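Here's the structure, in structure tokens; my notes come after.
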Amino acid sequence: MLDNISQFETISLQDLEAMEDDERDRLSFGVIGMQADTVADVYNATESQMSGVAPDSVLGVPFFETIGQCMNNFMVAQRFEDERELDDIVPYVLTLRMRPQRVRLRLLASADISRQYILVER
Amino acid sequence: MSNDEKLLQFLYACPVGLIEFDASGRITMINPHAMQHLLPLGGPAASENFFTAMENCAPELRSIAGSYTSDHGTIRGSHRIFVDLAEKRRKGRPQVLSCSLVKLGAERFMATLSDISDEVAREHRLRQADTWFSALIDGINDYGVIVVSGDLTVISANRSFSRQTGRSFEQVIGRSVGDILLTPDADDPGMDSVEDQFCMAARDGWNLYEGWERRANGERYWCQRLIVVRDEDEKAGDSTFSVILRDVPPRESDSGDLITMLTRDDLTGASNRMYFHKTLRREKLRWQSRKDPLSLVMLDLDHFKAINDRFGHPGGDAVLCAVARTALAMKPANAVFARLGGEEFALLLPGRGLQEASRIASDLCDAIARTPIEAAQGKITVTASLGCAELGEVQGSTDDLIELADSRLYHVKRTGRNRVLATTP
């Protein structure tokens, strides 16, 4: 079994897609999944704990216009629009519970999988 | 859902940026919308301090907040910040942010941030429309008309024009229109010269302007001026223009203070980013139509962080003010010296080629190094690195002009500082 840090860096889109919700919940990093229209349909327990918001209020809502506003710029949201194939790690600052929090984000998208992912490592 | 979670959701979803920070700028609370704008400005490393994150595009915020003496109150409402100097609005990037600053206590500040790029663009269009509508609504009593050729010579004038301006036909016909119509106040940033207005009319089909005009007896009157292209001749430069002049009561609001507030950097008195941006666009137009050269000098103070560390921010501020004083005193009359960011300045030189720009930059570089600056803790000497570029070198792209001058400046930084570079090594 890979350790958590390398899993954040190495886990593939296919791996994430193959997981059940409870498997994604057990990952040590946050997992946000959304469709091409940015409506979120995956929000794992780790991310929910970090943000303080329950998955019910995130799922089914356009992510970048609500809870994910801090990523709604050319550094994150624009990249999903511009790049069909995307696997990149970017240093970022999130506002979890309104405190600035340095994180690493991994942006994942692929032309043959409709769901795109943002992984959050605190 | 718990009340805490409702409150969190409320703040997560808020479509306006909210930031709380202490006197040093350290951010204690911030909502996602604020981070959306803050992070692209300074990157992750700068995003934990409000002043550091804003340093490159709104360095004045530190002194505005610092000079507010009361413990509570609104420091500044809707302060405009020009964040992107690119000519066209880039996807996913705001051009203008609005920032309000409030002091919550001796060491506590709050700022709001929102993207007002669309409003600013709309305002610009409205200002034109406003003149247009008032021209229609005010009713037409008397209006003068002149016809102007493509080389801006007056071909004919009607009797009303003669009555309005007190000039006979002989005094007008065959003369250049620039000698007849009053050139707008050079200090007014929103205004283009008479020649520029014709260039814009040739490009857009029409141009509207409102400002002081002068009669033959020297008397000033408020005039609405509409320039319309008459000919649809495909050959550029062959169009003729109709100019309609209306003598109307002046607008009541005197905009002098507002203009100073909107165009000057608070601390140094140099022009601000917004004015620089506006002038650059206007001068580019002139460059295109008249082929006058246009040069840019970018200037960055050397080891400025060390000065701030040693003499504190008041020392650093004294240095910035002294450099601006030196440059403003030396610059040619039609040049614009602007503070673009923390210790970064630009000198825009209309009508000057690269060689002349390089000479002016060298004089400035010498003058800065020669001028000791008095600060509370003693004399400070400072040097600057400068890079020059000319618009012709980059085929008229103002974005590339800034980049080229910047790249030369950074070459100077890497190779010893305190010098000017006007070529790419």
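Hydrogens, waters and symmetry mates are skipped; everything else that's a heavy atom, side chains included, is used. Chain identifiers are assigned alphabetically (A, B, ...) following the order of the sequence lines, protein sequences preceding nucleic acid strands; residue numbering begins at 1 within each chain. The shown structure was predicted, so the numbers you read here are calculated from the model rather than taken from an experiment.
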Quick one: of [options], who has the most non-hydrogen atom pairs under 4.5 Å with chain A?
{"options": "Leu39(B), Leu38(B), Leu11(B), Leu8(B)", "value": "Leu39(B)"}
{"options": "Pro44(B), Pro32(B), Gly43(B)", "value": "Pro32(B)"}
{"options": "Ile19(B), Ile30(B), Asn31(B)", "value": "Ile30(B)"}
{"options": "Glu20(B), Lys6(B), His33(B), His37(B)", "value": "His33(B)"}

Exercise: do Asp4(B) and Ser2(B) side chains pair donor with acceptor under 3.5 Å: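 The answer is no; no qualifying pair exists.
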Distance-only polar pair, side chains of Ser117(B) and Asp115(B), donor-acceptor under 3.5 Å: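 Per modelled atom types, Ser117(B) and Asp115(B) side chains form a pair under 3.5 Å.
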CD/Glu20(A): more than 12 non-hydrogen atoms of other groups inside 6.0 Å: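 Not more than 12 within 6.0 Å, no.
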Main-chain N/O of Tyr275(B) paired to Thr263(B) side chain as donor or acceptor, under 3.5 Å: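 The answer is no, because no donor-acceptor pair under 3.5 Å joins these two groups.
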Glu55(B)/Lys305(B) ion pair, N-O < 4.0 Å: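 Not counted as a salt bridge, because no side-chain N and carboxylate O are separated by less than 4.0 Å.
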Heavy-atom pair of closest approach, residues Ala346(B) and Leu296(B):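 Minimum heavy-atom separation between Ala346(B) and Leu296(B): CB-CD1, 4.1 Å.
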So which residue, [options], ends up with the most heavy-atom pairs under 4.5 Å with chain B?
{"options": "Val90(A), Ile67(A), Val76(A), Asp56(A)", "value": "Ile67(A)"}
{"options": "Val58(A), Val53(A), Thr66(A)", "value": "Val53(A)"}
{"options": "Glu65(A), Gln101(A), Arg99(A), Met71(A)", "value": "Arg99(A)"}

